[in-house]
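Keep in mind it's a predicted model, so treat the numbers as computed, not measured.
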Amino acid sequence: MTMVCLSDFEEYAKQHLSKATWDYYEAGADDCCTRDDNLQAYKRIRLRPRILRDVSLNDTRTSVLGTEISFPVGIAPTAFHCLAWHEGEQATARATEAVNTCYIASTYSTCSVEEIAAAAPNGYRWFQLYLYRDRKLSEQIVRRVEALGYKALVLTVDVPYTGKRRNDIRNQFKLPPHLMVKNFEGMFQEQTSTQEEYGIPANTLDPSISWKDVCWLQSLSRLPIIIKGILTKEDAELAVEHGVQGIIVSNHGGRQLDGVPATIDCLPEIVDAVQGRVEVYMDGGIRTGNDVLKAVALGAKCVFIGRPAVWGLAYKGEEGVREILQILHDEFRLSMALSGCRNVAEINRNLIQFSRL
């Protein structure tokens with residue numbers, strides 16, 4: 001089968017992954033309204049193309065935190081890649097290195113941060129961080145990723161508690177015995193509780209996390225800090241006041257609080273609030289190069305894809321992820337050209353028109 005678009009990979013993954021694994025990746029919280037609206041929101045946005053602009057040459061390159069990447073799409077932090085492909089996150093890291101874009105490695109990886117770094121030694125990587133009740137767990141992993149050359153910490157702030165994902169409860173989802181959250185290998189052996197939540201003991205996440213913990217993290221590491229999970233201008237302002245270097249507008253793929261807006265709908269408010277003081281990125285619902293163009297036009301410096309990367313892994317491992325990224329790159333370049341944009345700097349809000357379906 002010729003894979004033409006990302007939905008082809010989605011269909012392949014649905015047919016070839018186990019039901020429990022597919023349900024885990026696909027899950028949204030509660031009624032999945034936000035998960036679905038992340039996709040539908042792009043259909044409410046129209047483009048206003050400019051013509052006769054000489055688009056014979058197109059440059060898709062951009063930069064994040066001062067580092068050039070080939071186009072404004074990276075890989076979002078998604079857990080348990082070994083469920084989709086035996087090499088897991090190592091394959092994902094090699095694919096993003098080959099395409100020259102950014103990979104945000106997940107705390108909940110089934111390969112360790114060391115294995116990911118070794119698999120793609122020249123890759124551009126950030127690390128997604130949760131804060132735990134035992135701060136030493138978080139501190140230890142920050143020390144490890146800093147020593148390994150990861151370039152930023154992506155503090156995920158929308159999970160004081162895990163959202164209710166109904167199919168995971170129905171399926172009694174657990175990692176198979178041969179897999180684990182490798183970054184914490186051997187760290188929970190003294191705990192006698194057998195109750196687990198996504199590969200680590202239940203109640204490990206700290207619901208008391210607050211802005212003071214951002215300051216604690218800044219005292220711990222010199223790496224840039226990016227806050228992932230902001231959906232309002234008020235929190236964007238607070239992020240800027242606390243000296244972070246970036247914001248990822250994210251609703252966790254619709255997996256946390258159901259009923260919040262689609263990320264693309266939150267993006268303009270946050271871009272306007274920060275007024276260029278920090279870089280703003282976005283994840284959620286990106287499925288085409290057209291979607292990428294719309295997000296960049298509304299102010300995203302870069303967008304990150306989650307589920308599509310997993311579909312690529314399920315299809316052909318590293319090669320599948322590369323194909324996913326290449327399709328998005330080619331579609332983005334075409335959408336740019338057909339809109340009259342010759343480089344990323346020419347993409348702006350004048351390109352956007354909102355419509356009601």
Is there a donor-acceptor pair under 3.5 Å between the side chain of [X] and the backbone N or O of [Y]?
X: D37; Y: C33; answer: no
X: R287; Y: L6; answer: no
X: Y42; Y: T288; answer: no
X: R144; Y: S112; answer: no
X: T60; Y: F71; answer: no
X: R35; Y: A27; answer: no
X: S339; Y: C341; answer: no
X: R133; Y: N203; answer: yes
X: T110; Y: C82; answer: yes
X: N171; Y: F173; answer: no

Write down the atom of [X], the atom of [Y], and the distance for their closest heavy-atom approach.
X: I209; Y: D213; value: CA-OD2, 3.3 Å
X: V244; Y: I225; value: CB-O, 3.4 Å
X: A41; Y: D265; value: CB-OD2, 3.8 Å
X: A262; Y: N38; value: CA-OD1, 3.3 Å
X: P207; Y: L205; value: CD-O, 3.3 Å
X: P49; Y: L338; value: CB-O, 3.5 Å

Do [X] and [Y] belong together in a cluster built from hydrophobic side chains that touch within less than 4.5 Å?
X: L39; Y: L328; answer: no
X: L148; Y: L155; answer: yes
X: V55; Y: F332; answer: no
X: I264; Y: F354; answer: yes
X: L83; Y: M180; answer: no

Any [X] side-chain heavy atom under 4.5 Å of [Y] side chain:
X: T107; Y: F127; value: yes
X: L298; Y: V271; value: no
X: P121; Y: E97; value: yes
X: K301; Y: S63; value: yes
X: T204; Y: L137; value: yes
X: L47; Y: K294; value: yes
X: R53; Y: E346; value: yes
X: L217; Y: L129; value: yes

Mark yes when over 12 heavy atoms from residues, nucleotides or ligands other than [X] sit less than 6.0 Å from its [atom1]; otherwise mark no.
X: Q15; atom1: CD; answer: yes
X: R135; atom1: CZ; answer: yes
X: I169; atom1: CD1; answer: yes
X: K212; atom1: NZ; answer: yes

Ion pair present between [X] and [Y], side-chain N to carboxylate O less than 4.0 angstrom?
X: K233; Y: E237; value: no
X: K164; Y: D258; value: no
X: R170; Y: D23; value: no
X: K14; Y: E10; value: no
X: E87; Y: R94; value: yes
X: D59; Y: R61; value: yes

(message) Please determine whether side chain to side chain contact (heavy atoms under 4.5 Å, CB included) holds for the pair F80 and T21, giving the CA-CA distance in whole Å, both sets of side-chain angles, and the decisive distance to 0.1 Å.
(response) CA-CA 10 Å; F80 308 153; T21 296; over 6 Å; no
(request) Go through the steps to decide whether Q256 and R165 satisfy the test side chain to side chain donor-acceptor pair (under 3.5 Å), and finish with yes or no. (result) CA-CA 8 Å; Q256 281 300 108; R165 303 160 196 173; 2.8 Å; yes
(message) Connecting only ILVMFWY residues whose side-chain heavy atoms lie within less than 4.5 Å of each other, what is the rest of F304's hydrophobic cluster?
(response) V64, L65, I69, I104, Y124, W126, V154, I226, I248, Y281
(request) I would like to know whether L238 and E234 meet side chain to side chain contact (heavy atoms under 4.5 Å, CB included); could you show each step before the answer? (result) CA-CA 6 Å; L238 284 168; E234 292 87 353; 5.7 Å; no
Measuring from [X]:[atom1] to [Y]:[atom2], what's the distance to the nearest 0.5 Å?
X: E279; Y: T62; atom1: CD; atom2: OG1; result: 8.0 Å
X: M282; Y: N251; atom1: CE; atom2: CG; result: 9.0 Å
X: D54; Y: R342; atom1: CG; atom2: CZ; result: 7.0 Å
X: Q172; Y: N167; atom1: CD; atom2: CG; result: 13.0 Å
X: R50; Y: L351; atom1: CZ; atom2: CG; result: 10.0 Å
X: E68; Y: S70; atom1: CD; atom2: OG; result: 8.5 Å

(request) Evaluate the side chain to side chain donor-acceptor pair (under 3.5 Å) criterion for residues T156 and Q128: first the C-alpha distance (whole Å), next the side-chain angles of each, then the deciding distance (0.1 Å), finally the verdict. (result) CA-CA 7 Å; T156 297; Q128 178 238 7; 3.1 Å; yes
(message) Can you tell me which residue among Y130, Y198, Y132 is in a ring pair (Phe, Tyr, Trp, His ring centres under 6.0 Å) with F184?
(response) Y132
(message) Testing K182, E115, H81 one by one against E89 for a side-chain contact (heavy atoms from CB on, under 4.5 Å), which residue passes?
(response)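 With E89 as partner, K182, E115, H81 yield a single side-chain contact (heavy atoms from CB on, under 4.5 Å), made by H81.
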(request) Please list all pairs passing the ring-ring contact (aromatic ring centres under 6.0 Å, His included) test where one or both residues lie in residues 199-253, with sequence neighbours left out. (result)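 Sorted result for residues 199-253: W211-H242.
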(message) Whether the S250 and D283 side chains hold a donor-acceptor pair (N or O, under 3.5 Å, no angle test) is what I'd like checked.
(response) yes
(request) Output every pair passing side chain to side chain donor-acceptor pair (under 3.5 Å) with a member in residues 24-33, not counting sequence neighbours, ordered by first then second residue. (result) D31-R166
(request) Just do the side chain to side chain contact (heavy atoms under 4.5 Å, CB included) check on E269 and T232 with the steps written out, would you? (result) CA-CA 7 Å; E269 168 184 323; T232 64; 4.1 Å; yes
(message) Please determine whether side chain to side chain contact (heavy atoms under 4.5 Å, CB included) holds for the pair I305 and L325, giving the CA-CA distance in whole Å, both sets of side-chain angles, and the decisive distance to 0.1 Å.
(response) CA-CA 9 Å; I305 57 170; L325 289 167; 4.2 Å; yes
